[in-house]
Peer 1: 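Please find one structure pasted underneath; my questions will follow.
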Amino acid sequence: MANIDIRDVRKNYGAVPILKGIDLSIRSGEFVVLVGPSGCGKSTLLRLIAGLEDTSQGQILIDGTTVNDLPPKDRDIAMVFQSYALYPHMSVRDNMSYALKLRKKTADFIAGAVNKAGAKLGLDALQERKPRQLSGGQRQRVAMGRAIVRNPKAFLFDEPLSNLDARLREQMRFEIRKLHRDLNATSVYVTHDQIEAMTMADRIVAMHGGVIQQVGAPLELYDDPANMFVAGFIGSPAMNFLNADAAPVSGSDGQIVKVGDTEVATIPGRGLPPKVVVGIRPERVQLSAEGSVPARVDLVEPTGLGTVAHLQIGGQDLKLFTTDRPQMSAGETVKLRLAPGDLRLFDPDTGARIRI
Ligand code: ADP
Ligand code: MG
């Protein structure tokens, strides 16, 4: 187990900056998920930690020691990739043994480590098979087994579940978490899938354009996003964003927020700029006979678990999610309540959160 400290790390390819100053401290035993859209620099950061690429600037420390100049094999870190990278001509047992043989471990030691990892991963009966005789999920387990037998200081995962179908991904998510609970090894897990990030992480690191946008527990990012990027990236169906105008109410200390001609809320205080973006999660949009916000129903989608209704207020789209099964049909007008505490406000130019 190890602490990993990343200090003002930058990476350029040629003249193109890819990582633009990353600061992150990962505690020993923590399961950290780097999440962000494709191309934001997640794999690059992971490869810098593993030592597969050189940093352009900044420091990477493992347990307080700078490792910038240490080759990958001396960093004692195991990496699990999306492409399992198994040796096709070797059995499961030999794939898992290989790194230990290279390290000149005794046959007894290797057999013990491989059997133990095989048992943890449910590979006992498959030890003599070749990779082509395994399913995708089983191959991914072997790739993890190969990492586990080395008993590394930290595990790095780069989108390890992306090649699996949805149901198997769900199951493997759970298994990787259980494994982490058993081994308690520092883990950095890269994914573009916000559901994986939400369900697996102790802490999420949300990245965009080579910059960390926010670091926090999953529900912190969900409930209290630092900016529009995080608010929009985390959560499905995604947070609604409405372009709105804010104006002080004369004779009181409130400000009225309007979407088109529709008043959606009165916010206490005076601090709002004239133009704001109002964010609200679909499950916070309340259908209410006493609601003051009229909305037109465009489309109703039953998902079984709940209902997603596509609405319009003041000419803009708004999604509602409810686990009730409301009776509404396209073309009808319904009434909504948007509680001020459920609104998240953003600067339309910078996307920064406006806190009130
Ligand atoms: P992610 O894993 O978040 O999808 P990557 O870290 O793989 O993103 O890539 C980040 C950016 O760096 C991308 O724009 C990619 O094209 C670029 N990039 C990655 N590797 C190289 C390389 N070896 N040479 C030049 N550009 C690269
Ligand atoms: Mg990647």
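The analysis underlying the following values was restricted to heavy atoms, covering all of them including side chains, and did not include hydrogens, waters or symmetry mates. Every number for a ligand or one of its atoms is a count from 1 in the order of the listing.
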Peer 1: Is the closest protein non-hydrogen atom to atom 11 (C) of ligand 1 under 4.0 Å?
Peer 2: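 So atom 11 (C) of ligand 1 has protein heavy-atom neighbours under 4.0 Å.
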Peer 1: Could you tell me which atoms of ligand 1, counted from 1 in the order shown, lie closer than 4.0 angstrom to a heavy atom of I18?
Peer 2: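 Matching atoms, with element in brackets: 10 (C), 11 (C), 12 (O), 17 (C).
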Peer 1: Thinking salt bridges, do E53 and R47 make one under a 4.0 Å N-O criterion?
Peer 2: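 So E53 pairs with R47 through a salt bridge.
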Peer 1: Assess S38: does it contribute an N, O or S atom lying under 2.8 Å from the Mg ion (ligand 2)?
Peer 2: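 Looking at S38, which is the residue asked about, there is no N, O or S atom under 2.8 Å from the Mg ion (ligand 2).
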Peer 1: Regarding K101 and the six-membered ring of Y98, is the cationic atom NZ or CZ under 6.0 Å from the ring centre and inside 45° of its axis?
Peer 2: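 Cation-pi check for K101 and Y98: fails.
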Peer 1: Suppose we measure from atom 7 (O) of ligand 1 to each protein heavy atom; which comes out shortest, and what is that distance?
Peer 2: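 For atom 7 (O) of ligand 1, the nearest protein heavy atom is S43 CB, 3.7 Å.
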Peer 1: Can you measure from CG (N240) to CG (L318) and round to the nearest 0.5 angstrom?
Peer 2: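 It is 4.0 Å, given to the nearest 0.5 Å.
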Peer 1: Does R7 reach the main-chain N or O of Q59 with its side chain, forming a donor-acceptor pair under 3.5 Å?
Peer 2: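 Here the side-chain-to-backbone pair does not exist.
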Peer 1: Considering only protein heavy atoms, which is closest to atom 1 (P) of ligand 1, and at what distance to one decimal place?
Peer 2: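 Going by distance alone, atom 1 (P) of ligand 1 is nearest to G39 N, 3.5 Å.
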Peer 1: Just need the protein heavy atom nearest to atom 9 (O) of ligand 1, so name the residue and atom and give the distance.
Peer 2: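 Here the nearest protein heavy atom works out to T44 OG1, 3.8 Å.
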Peer 1: Before you tell me yes or no, could you show the steps for N3 and I26 under side-chain contact (heavy atoms from CB on, under 4.5 Å), namely the whole-Å CA-CA distance, both residues' side-chain angles and the distance that decides it to 0.1 Å?
Peer 2: CA-CA 6 Å; N3 298 295; I26 298 166; over 6 Å; no
Peer 1: Which of the numbered atoms in ligand 1 are below 4.0 angstrom from a heavy atom of S38?
Peer 2: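 Reading through ligand 1 atom by atom, the close ones are 4 (O).
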Peer 1: So which protein heavy atom does atom 21 (C) of ligand 1 come closest to, and at what separation?
Peer 2: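 The closest heavy atom on the protein side is Y13 CE1, 3.2 Å.
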Peer 1: Give a yes/no verdict on a cation-pi contact between R281 and Y222, requiring under 6.0 Å between NZ or CZ and the six-membered ring centre and an angle within 45° of the axis.
Peer 2: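 Geometry flag: set, cation within 6.0 Å and 45°.
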